[in-house]
2 protein chains.
Amino acid sequence: MTMSNTGGRRKPPTIHDVARVAGVSRGTVSRVLNGGHYVSPAAQEAVNAAIRKTGYVVNRHARSLITGRSDSIGFLLTEPQEKLFEDPNFNVLLRGCTQALAAHDIPLLLMVAGTEDERRRIMRYITAGHVDGVLLVSSHSGDPVAEQLRDAGVPLVQCGKPMGLGSKVSYVAADDRDGARDMVRHLLSLGRRHVGVVTGPLDTPGGVDRLAGYKEVLTEAGVEIDERLIVSGDYSRASGEAGAERLLERAPDMDAVFVASDLMAQGALTALRRAGRRVPEDVAVGGFDDSTAATESVPALTTIRQPYDRISNEMVRVLLAQIGGEDPAAVILPTELVLRDST
Amino acid sequence: MTMSNTGGRRKPPTIHDVARVAGVSRGTVSRVLNGGHYVSPAAQEAVNAAIRKTGYVVNRHARSLITGRSDSIGFLLTEPQEKLFEDPNFNVLLRGCTQALAAHDIPLLLMVAGTEDERRRIMRYITAGHVDGVLLVSSHSGDPVAEQLRDAGVPLVQCGKPMGLGSKVSYVAADDRDGARDMVRHLLSLGRRHVGVVTGPLDTPGGVDRLAGYKEVLTEAGVEIDERLIVSGDYSRASGEAGAERLLERAPDMDAVFVASDLMAQGALTALRRAGRRVPEDVAVGGFDDSTAATESVPALTTIRQPYDRISNEMVRVLLAQIGGEDPAAVILPTELVLRDST
DNA sequence: TTCTCTACTGTGAACGCTCACAGAAGCATG
DNA sequence: CATGCTTCTGTGAGCGTTCACAGTAGAGAA
């Protein structure tokens, strides 16, 4: 007479069971589980065999209860929700972080703070110690969440350079300024001299740095900076379209434009097409990000590749280091010019 | 002389602290926390006040240790990783599930099983009871993961109809067949009679059902089914492009095409443009999904809207019900025809 | 009065693990 | 031979909850 297995989950084996099977004590099993120092090779072996035999998996709740660590980390997105859907980079980042954490056997908790209500609940959850650290993604980068978390003593790494420089918060970012420089240099090298720019939001470091790179290269090349050729956007498709329209209106002789995100560049292409300009013959267009939008556009966008795979890896590395007691760190990664059909 | 706060996190208050402040016992606090039955109004009040005052948040690890529940659920994606980046619907689904779960105060663990190795680790994690249930997204829907989880007694809801009908697995899906019918009827109503189709993968129910809907409407309308007008794709942009190319080659008189995903439809637009066909004048194009790809295309795609917000809500609802002891359930949601510029 | 029933409250035990400590065994040193 | 050191092992306590149980108080019925 055997019990039927169907339906209910059977109770999983505990550290006790493993100890019994291996013929050792709980303590020894625990030591094997946590690095195996001060354990004889024989015991080590016996315990591992018993783990395999019983199919034991550590109960993380019991462990966390005593260690105070949760051995899980939060991926926090504080964005109006449309952003999540619009930004193709987000996926890449999320996937990268999941993978990097999986290598450490650390689960990722996804938290989206769209509304004020969600924000409060999430903050309570985090500060209650239910995650060991937070990977923060938020583009309106004066985000109070970062400071709140830092003040609560929660290890934190932000994606992208934060606004308040004084705040000691770790971050990982691409080199926006240098990327912009590369792109504008490239446009100049094509012989274009009336180079417009649609910037990102100028209350974010990314927006500011990309504009700074643009100005720097023009000055360096002896091209006078023309305020008519500078308009600002907010990284959305629509703002790219509107921005390009305004540029054409103000400076019809524009022969190239650096658009500070691929999504905006897509919008700019639409506006240029509507105005009867050929790309790249009449106007060369340069984007930023190398997102999926860049390859899907017609023509495909010349753009600046942000190394999102490396960014996610670095974010995880820096966060784990910080949880391990190290000081906050800033990492800036190089970008790369990707040539396609729009220039 | 006060201790500095900076740096370390202070120890959070426990249920003991709350009990002391409220002047009641642990048991009473616990009862308030779990629904408040058999608690006097006065005690109720005192406990709530004490919770506010102390800033108490329940320690989920301690709770889980004794209840056996984890009060968290897993969002499992078993896909080759490119899919994650390509599919704009994935974001919508993920966001929807996060939100629906947040309403129940349940954290979502994101798990991506790209490699065989990841798959094994994740299965061990899940079957060890570290999540109470799983939301499964996988397009190659003969996925063994579903059966494995079901056999392990893990509550499970799949997104999209699973292949093996015999397996008693919950799922939530859009009405693919009916959506396809609507689209093809629409194309016929425009006076088109040479309607091609680029199907989804025919080893998936979605692919099969959309094709079935197509055939059904044609037959119903007395239009003979022409095998030259049927090619199959795999939902990727590239396969849509190749598919449309093959259709034009085999049936140059094609005046409409139903493409079983927006992403493929984008590819089809590229192929049609290259072949010198105007859309929608020469060839009307209908997509499927109403993803962001549909509005970003030029021209914007007429498509079939899948109610992803409702799908995610239903997935969560069905999963929680199943965790609560109810039987597996299948939910099929209606689609909607969205008219844009491509037809 | 005495009993029963209901509404409420407190208490000890347990969940599965890690940590600190105590102790044993082996070996070299005084 | 005692002493110290290193390497290894077992044991009790406790992490913060929930749960089952016992118990109290008050109301109504006999």
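None of these values were measured; they are calculated from a predicted model. Only heavy atoms go into these numbers, but all of them, side chains included; no hydrogens, no water, no symmetry mates. Residue numbers begin at 1 in each chain, while the letters A, B, ... track the order of the sequences.
- A donor-acceptor contact under 3.5 Å is not formed by the side chain of B:Arg60 with the base of D:dT17.
- Look at A:Ser25 and you'll find a side-chain N or O under 4.0 angstrom from OP1 or OP2 of D:dG10.
- The side chain of A:Asn34 contributes an N or O atom lying less than 4.0 Å from OP1 or OP2 of C:dT18.
- Set against C:dT9, D:dC8, C:dC19, the side chain of A:Tyr38 has D:dC8 as its closest nucleotide.
- As rounded to whole Å, 10 Å separates atom P of C:dC17 from atom CD1 of A:Ile51.
- Using the six-membered ring where Trp is involved, B:Tyr125 and B:His130 have ring planes that are tilted, between 30° and 60° apart.
- Between B:Thr67 and the phosphate of D:dT18, there is no side-chain N or O to OP1/OP2 separation shorter than 4.0 Å.
- Distances shorter than 4.0 Å separate some side-chain N or O of A:Tyr56 from OP1 or OP2 on C:dC17.
- A:Leu33 places its CG atom 14 Å from the C1' atom of C:dC19, with the value rounded to the nearest Å.
- With rounding to whole Å, A:Leu65 atom CG is found 18 Å from D:dA13 atom P.
- Under 4.0 angstrom from either OP1 or OP2 of C:dG10 there lies at least one side-chain N or O belonging to B:Thr28.
- Atom CZ in B:Arg26 sits about 13 Å away from atom C1' in D:dA20, given to the nearest Å.
- Here the P atom of nucleotide D:dG10 and the CZ atom of A:Arg20 are 15 Å apart, to the nearest Å.
- The two atoms that bring A:Asp105 and A:Arg60 nearest to each other are O-NH2, 2.7 Å, heavy atoms only.
- Closest to the B:Ala43 side chain, of the nucleotides C:dC19, C:dT9, C:dC17, is C:dT9.
- Nearest nucleotide to the A:Thr14 side chain, out of C:dC17, C:dT9, D:dG16: C:dC17.
- Between the CZ atom of B:Arg63 and the P atom of D:dG16 there is a distance of 15 Å, given to the nearest Å.
- Separating the NE2 atom of B:His37 from the C1' atom of C:dT9 is a distance of 17 Å, rounded to the nearest angstrom.
- By the 30° and 60° cut-offs, the orientation of the rings of B:His61 relative to A:His61 is tilted.
- Rounded to whole Å, the distance from CG on B:Asp17 to C1' on D:dG16 is 11 Å.
- Considering every non-hydrogen atom in both A:Val157 and A:Val318, the closest pair reads CG2-CG1, 3.7 Å.
- Checked for salt-bridge contact, A:Arg121 and A:Glu118 miss the test: no charged N lies under 4.0 Å from a carboxylate O.
- Considering only side-chain N and O atoms, B:Ser40 lies nowhere under 4.0 angstrom from the phosphate OP1 or OP2 of C:dA7.
- Applying the 4.0 Å criterion to OP1 and OP2 of D:dT17, one finds that B:Ser64 has every side-chain N and O outside that range.
- Side-chain atoms of A:Arg31 and base atoms of C:dT18 include no donor and acceptor less than 3.5 Å apart.
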